[in-house]
Q: 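Just passing along the structure, written as structure tokens.
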Amino acid sequence: MPEGPSIVILKEELALFKGKKVIEATGYAKADLTRLKGKKITAIKSWGKHLLICFKTCTVRIHLLLFGTYRINERKASNPTLRLSFDKDELNFYTCAVKIIDEPPDEVYDWEVDLLSDQWNPDKVLKLLKKVPDMLLCDALLNQDIFAGAGNIIKNEVLFRTHLHPLSKVGKLPLKKKKELIQEARQYSFDFLEWKKAYVLKKHWLAHTRKTCPRCHIPFIKAYLGMTQRRSFFCNNCQILYE
DNA sequence: ATACATGTTGGAGC
DNA sequence: GGCTCCAACATGTA
């Protein structure tokens with residue numbers, strides 16, 4: 001479900017909830033949900049993989065983690081982590097992390113690193129990358145402070161598209177390659193968004209979960225790499241290792 | 001039935 | 001106090 005583009009889709013689906021007043025907030029989330037009662041939604045935003053339901057005095061931050069789901073005006077069989085009830089509508093979130101933030105989102109979030117934000121800034125990302133020369137690319141692409149919204153699929157696809165080996169070190173890339181990586185992370189995020197909306201995301205995967213390289217037709221390597229030991233699919237032949 | 005996955009965190013243990 | 005590790009998350013699918 002939830003890499004950044006999926007959260008953008010969710011945000012768009014919730015747009016019509018702006019201005020609606022919460023009649024009741026329930027669920028097993030540990031946050032103090034009672035304080036949401038009677039509050040009116042002022043905006044629905046997203047930052048990376050965070051969905052933000054904004055009120056005048058606080059913001060509900062929802063992270064769907066690995067297997068979070070949601071329903072709009074429907075219920076699943078299990079109890080929701082968070083249910084927001086409105087006059088006529090209902091929002092249900094399951095298996096997710098919910099936190100209420102008191103600070104205004106602009107104070108907490110750097111929109112310039114959100115891959116899907118209008119304010120995304122490649123120069124800022126380049127500066128951040130220059131600070132972590134020893135970081136492996138497979139870790140850098142999953143780092144939400146640098147590439148907010150990128151997840152494991154985006155990681156694998158971007159590295160394949162840019163012909164970069166996941167174990168390459170950030171600081172060893174030529175500048176041109178670094179810029180290419182940054183641009184491709186942005187571009188693939190939008191491709192992901194469009195394909196996901198059209199329910200054709202999977203068939204466009206070139207590397208993620210694939211067994212052979214579509215370029216040179218030799219078997220892909222599947223390995224659990226980097227600090228997070230997440231699945232990497234890559235071609236030893238056409239993805240260059242900078243070390 | 002079992003393993004595994006589009007992710008993050010909080011707390012235990014050192 | 002800080003670092004690392006790992007369980008937990010009312011799951012869904014192969």
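Below, chains carry the letters A, B, ... as their sequence lines are ordered, and counting in each starts from 1.
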Q: Share the residues that join Leu225(A) in a hydrophobic cluster, the rule being Ile, Leu, Val, Met, Phe, Trp or Tyr side chains under 4.5 Å apart at the heavy-atom level.
A: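 Taking Ile, Leu, Val, Met, Phe, Trp and Tyr as members, Leu225(A) shares its hydrophobic cluster with Leu136(A), Leu167(A), Ile221(A), Phe234(A), Leu241(A).
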Q: Using Watson-Crick or G-U wobble pairs with both distances under 3.5 Å, give me DNA chain C in dot-bracket, 5' to 3', with [ ] for crossers and | for pairs to another strand.
A: .||||||||.||||
Q: Mind calculating the distance between CG (Leu66(A)) and P (dC4(B)) to the nearest angstrom?
A: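 It works out to 14 Å between those atoms.
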Q: What distance, rounded to whole Å, do you find between the two P atoms, one in dA3(B) and one in dA7(C)?
A: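 Those two atoms are separated by 15 Å.
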Q: With no hydrogens and no angle check, do the side chains of Gln119(A) and Asn121(A) hold a donor and an acceptor under 3.5 Å apart?
A: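 The answer is no; no qualifying pair exists.
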Q: Counting only heavy atoms and a strict 4.0 angstrom limit, can you tell me which residues of residues 98-121 of chain A come near DNA chain B?
A: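 Residues of residues 98-121 of chain A under 4.0 Å from DNA chain B: none.
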Q: Near DNA chain B, under 4.0 Å by heavy atom, which residues of residues 134-148 of chain A?
A: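 Output list: Gln144(A).
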Q: Please give, in whole Å, the distance from dT8(B) P to Ile62(A) CD1?
A: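 Whole-Å distance recorded here is 16 Å.
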Q: Separation of Asn152(A) atom CG from dC4(B) atom C1', in whole Å?
A: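 These atoms are roughly 13 Å apart.
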Q: Does the pair Arg186(A) and Asp114(A) meet the rule for a salt bridge (Lys or Arg N to Asp or Glu O under 4.0 Å), with working shown?
A: CA-CA 9 Å; Arg186(A) 170 81 165 179; Asp114(A) 177 3; over 6 Å; no
Q: Should His63(A) be listed as having a side-chain N or O under 4.0 Å from OP1 or OP2 of dT9(B)?
A: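 Answer no for this pair, as no side-chain N or O of His63(A) is under 4.0 Å from OP1 or OP2.
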Q: Base, sugar-phosphate, or nothing: which does Tyr28(A) touch, judged by heavy atoms less than 4.0 Å apart?
A: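 Touches sugar-phosphate only.
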Q: Output every pair passing side-chain hydrogen bond (donor to acceptor under 3.5 Å, both in side chains) with a member in residues 46-55 of chain A, not counting sequence neighbours, ordered by first then second residue.
A: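 Applying side-chain hydrogen bond (donor to acceptor under 3.5 Å, both in side chains) to every pair that reaches into residues 46-55 of chain A, excluding sequence neighbours, yields Lys11(A)-Ser46(A), His50(A)-Tyr109(A).
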Q: So, for Ala185(A) and Val158(A), which heavy atoms are closest and what is the spacing to 0.1 Å?
A: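 Closest approach of Ala185(A) to Val158(A), heavy atoms only: CA-CG2, 3.8 Å.
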Q: Partners of Asp110(A) by side-chain contact (heavy atoms from CB on, under 4.5 Å), sequence neighbours excluded?
A: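 Result, side-chain contact (heavy atoms from CB on, under 4.5 Å) vs Asp110(A): Glu112(A), Val113(A), Lys124(A).
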Q: Let me confirm one number: the NE2-CG distance from His63(A) to Leu52(A), rounded to the nearest 0.5 Å.
A: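 Going from NE2 on His63(A) over to CG on Leu52(A), the span is 11.0 Å.
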Q: Would Asn92(A) and Arg83(A) count as having a side-chain donor-acceptor pair, cut-off 3.5 Å?
A: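 Indeed, the side chains of Asn92(A) and Arg83(A) share at least one donor-acceptor pair under 3.5 Å.
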Q: With side-chain hydrogen bond (donor to acceptor under 3.5 Å, both in side chains) as the rule and sequence neighbours excluded, what pairs involving residues 149-159 of chain A come up?
A: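 Found Asn152(A)-Lys155(A), Lys155(A)-Ser232(A), Asn156(A)-His208(A).
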Q: Phe160(A) vs Gln239(A), test: side-chain contact (heavy atoms from CB on, under 4.5 Å). Steps then yes/no.
A: CA-CA 7 Å; Phe160(A) 183 74; Gln239(A) 289 177 251; 3.4 Å; yes
Q: Can you check the His208(A) NE2 to dA5(B) C1' distance for me, whole Å?
A: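 In whole Å, dA5(B) C1' and His208(A) NE2 are 8 Å from each other.
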Q: Got a sec? Which of residues 74-84 of chain A come in under 4.0 Å of DNA chain C, heavy atoms?
A: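 Residues of residues 74-84 of chain A that come under 4.0 Å of DNA chain C are, in numerical order, Lys76(A), Asn79(A).
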Q: Between Phe17(A) and Phe86(A), is the ring centroid distance below 6.0 Å?
A: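 Yes, close enough.
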Q: Atom CZ of Phe67(A) and atom P of dA5(B): how far apart are they, to the nearest Å?
A: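 Going from Phe67(A) (CZ) to dA5(B) (P), I get 12 Å.
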Q: Taking OP1 and OP2 of dA5(B), is either one under 4.0 Å from a side-chain nitrogen or oxygen of Arg231(A)?
A: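 True: Arg231(A) side-chain N/O within range (under 4.0 Å) of dA5(B) OP1/OP2.
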Q: Write down the distance between CG (Leu64(A)) and C1' (dT9(B)), rounded to a whole number of angstrom.
A: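 Answer to the nearest Å: 15 Å.
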Q: Please, which pairs that meet salt bridge (Lys or Arg N to Asp or Glu O under 4.0 Å) have at least one residue in residues 165-177 of chain A, sequence neighbours excluded?
A: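 Pairs touching residues 165-177 of chain A that pass the test: Lys177(A)-Glu180(A).
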Q: Using a side-chain heavy atom cutoff under 4.5 Å and only I, L, V, M, F, W and Y, what cluster partners does Ile9(A) have?
A: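 Answer for Ile9(A): Val8(A), Leu116(A), Phe190(A), Leu193(A).
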Q: Name the first nucleotide and the last nucleotide along DNA chain C (5' to 3') that come under 4.0 Å of a heavy atom in chain A.
A: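 The contact span of chain A on DNA chain C goes from dC9(C) to dG12(C).
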Q: Can you measure Asn156(A) atom CG to dA5(B) atom C1' for me and round it to whole angstrom units?
A: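 Result: 12 Å.
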Q: Report the residues that fulfil side-chain contact (heavy atoms from CB on, under 4.5 Å) with Ala25(A), sequence neighbours left out, ordered by chain and then residue number.
A: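 So Ala25(A) forms a side-chain contact (heavy atoms from CB on, under 4.5 Å) with Val22(A), Leu33(A), Leu36(A), Leu84(A).
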Q: Can you tell me how far OG of Ser189(A) sits from CD of Glu184(A), rounded to the nearest 0.5 angstrom?
A: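 One finds 9.5 Å between CD of Glu184(A) and OG of Ser189(A).
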Q: Check for a donor-acceptor pair, side chain of Thr59(A) on one end and backbone N or O of Ile101(A) on the other, with a separation under 3.5 Å.
A: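 No, Thr59(A) side chain to Ile101(A) backbone: no donor-acceptor pair under 3.5 Å.
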Q: Establish, with yes or no, whether the OP1 or OP2 oxygen of dT6(B) is under 4.0 angstrom from a side-chain nitrogen or oxygen of Lys49(A).
A: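 Answer no for this pair, as no side-chain N or O of Lys49(A) is under 4.0 Å from OP1 or OP2.
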Q: Taking atom C1' of dT8(B) as reference, at what distance in whole Å does atom CD of Gln229(A) sit?
A: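 So the two atoms are 16 Å apart, to the nearest Å.
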Q: Are Leu91(A) and Asn73(A) side-chain neighbours, meaning at least one heavy-atom pair lies under 4.5 Å?
A: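 No - every pair of side-chain heavy atoms lies 4.5 Å or more apart.
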